[in-house]
Amino acid sequence: MKIVATICALGLGFPAAADPFESFGTAMKYGLPLAAAVCAVDQDRAEDFAVRGILQAGIVLATKRYFDGKPISRRPTGAGEGFPSGHTAAAFFGASDLAGKCFEDQPEAGAMAYGAAGLTGYSRIHAGEHTPQQVWTGALIGFSFGAADFGIGTDGASFSVGMKF
C-alpha cells in the first residue's frame, strides 16, 4: 500500500515546461515530500514530519536571503538567491524520510527515492539554475532534516538514513 501511495504522490504535478528533465526535477521537489507526508500520516508521525519540513524550508529560505548578493549565491544565469538549491533540499528531505522511515525493509525503494532526489539536483544544474555547490548544500540540508526524527509524539529523537542491506 505504501508503494502505491508513493507512486500516486510522485505522479502529481508534472508541470508543463520546455525541458522534460527540468519538469521532472520540479515534480520531485513536490512529489517526494508529498509521498513522505502520506507515509508520515499513515505511521502517525505527521507532527514530527511537519516540524522538520517547516524548519528545513525555513533554513533554506533564510540562507538564500542571508547570502543574496554574495558570489556564492549567484546563479549561473546571473540572478541571485541561488544558495542553496531549494528544489534539491525539498527532494532530499522527502527521499531521506521515505528511505529511513517508510522503506526500512525495502532498500530498492529507498535507492529509487535517493536516485530521484539526485536527479532533481542534477536537473537544476542542467537547467542552469544552480551551481554544483548550491545543489550539494541543498542536498545536505534536505537530507539532514529528512533523516532526523525529533521525537515529537514519541519517546526519543533519532537519525535514520535507511537503505539497510
Side-chain angles (χ1 to χ4, degrees), residues 2 5-7 9-15 21-41 43 45-68 72-73 75-76 80-104 106-107 109-152 157-164:
K2 283 192 265 184
T6 302
I7 291 170
L10 292 177
L12 294 175
F14 262 99
F21 190 43
E22 187 176 357
S23 295
F24 171 82
T26 300
M28 292 302 102
K29 171 190 177 182
Y30 298 107
L32 287 167
L34 180 59
V38 168
C39 177
V41 168
Q43 294 178 345
R45 53 183 187 81
E47 295 87 1
D48 189 81
F49 178 85
V51 168
R52 291 183 292 112
I54 290 167
L55 286 173
Q56 178 268 146
I59 286 174
V60 167
L61 291 173
T63 304
K64 282 180 176 288
R65 298 304 181 309
Y66 180 79
F67 286 103
D68 192 31
I72 195 170
S73 193
R75 295 172 184 261
E81 293 193 2
F83 180 81
S85 169
H87 280 68
T88 308
F92 269 92
F93 172 74
S96 57
D97 187 87
L98 286 168
K101 298 167 186 69
C102 303
F103 301 143
E104 290 176 301
Q106 300 169 316
M112 288 177 62
Y114 281 125
L119 287 172
T120 299
Y122 184 73
S123 78
R124 304 306 291 158
I125 296 168
H126 173 79
E129 291 293 328
H130 290 287
T131 65
Q133 294 82 4
Q134 294 166 347
V135 165
W136 278 108
T137 304
L140 180 61
I141 292 169
F143 172 81
S144 297
F145 280 94
D149 182 353
F150 292 165
I152 297 170
S158 66
F159 191 85
S160 178
V161 175
M163 293 182 51
K164 300 172 188 163

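What you are looking at is a predicted structure, and each value in this text was computed from that prediction instead of being measured.
- Judged by distance alone, with hydrogens and angles left aside, the side-chain atoms of Q43 form no donor-acceptor pair with the main-chain N or O of A40 at under 3.5 Å.
- Residue P76 comes nearest to G128 through the heavy atom pair CB-O, 3.4 Å, listed as atom of the first residue, atom of the second, then distance.
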Exercise answer: donor-acceptor pairs, residues 85-93 side-chain atoms, under 3.5 Å, sequence neighbours excluded:
from: S85; atom 1: OG; to: T88; atom 2: N; distance (Å): 3.2
from: S85; atom 1: OG; to: T88; atom 2: OG1; distance (Å): 2.8

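- We find the CE-CZ distance between M112 and F103 to be 8.5 Å, quoted to the nearest 0.5 Å.
- Smallest separation of non-hydrogen atoms from A95 and A113: CB-O, 3.4 Å.
- For T120, the side-chain hydrogen bond (donor to acceptor under 3.5 Å, both in side chains) criterion is met by no residue, not counting sequence neighbours.
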Just list the side-chain donor-acceptor pairs under 3.5 Å for residues 54-67, sequence neighbours left out, or say none.
from: T63; atom 1: OG1; to: I59; atom 2: O; distance (Å): 2.6
from: K64; atom 1: NZ; to: E81; atom 2: O; distance (Å): 2.8
from: K64; atom 1: NZ; to: P84; atom 2: O; distance (Å): 2.8
from: R65; atom 1: NE; to: E81; atom 2: OE2; distance (Å): 3.4
from: R65; atom 1: NH1; to: L61; atom 2: O; distance (Å): 3.4

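- Of all heavy-atom pairs between I125 and P132, the closest is CD1-CA, 3.8 Å.
- Counting only distance, with no hydrogens or angles, the side chain of R75 and the backbone of E129 share a donor-acceptor pair below 3.5 Å.
- Between F24 and Y122 the shortest side-chain heavy-atom distance does not fall below 4.5 Å.
- To the nearest 0.5 Å, atoms NZ (K29) and CG (L34) are separated by 13.5 Å.
- Judged as a salt bridge (charged side-chain N to carboxylate O under 4.0 Å, His left out), the pairs with a partner in residues 48-63 (not counting sequence neighbours) are, in order, D48-R52, R52-D97.
- By the side-chain contact (heavy atoms from CB on, under 4.5 Å) test, A37 pairs with F49, sequence neighbours left out.
- Minimum interatomic distance between R45 and A36 (heavy atoms only, all atoms of both residues): NH2-O, 4.4 Å.
- Taking OG1 of T131 as the start and CZ of R124 as the end, the distance is 12.0 Å to the nearest 0.5 Å.
- Atom OG of S96 is separated from atom CG of L32 by 9.5 Å, given to the nearest 0.5 angstrom.
- Side-chain contact check for L98 versus Y114: every heavy-atom pair is 4.5 Å or farther apart.
- The distance from atom CD of Q106 to atom CD of E104, rounded to the nearest 0.5 Å, is 10.0 Å.
- Rounding to the nearest 0.5 Å gives a distance of 11.0 Å between CE of M28 and OG of S23.
- Panel note: side chain K101, backbone G146; a donor-acceptor pair is recorded below 3.5 Å.
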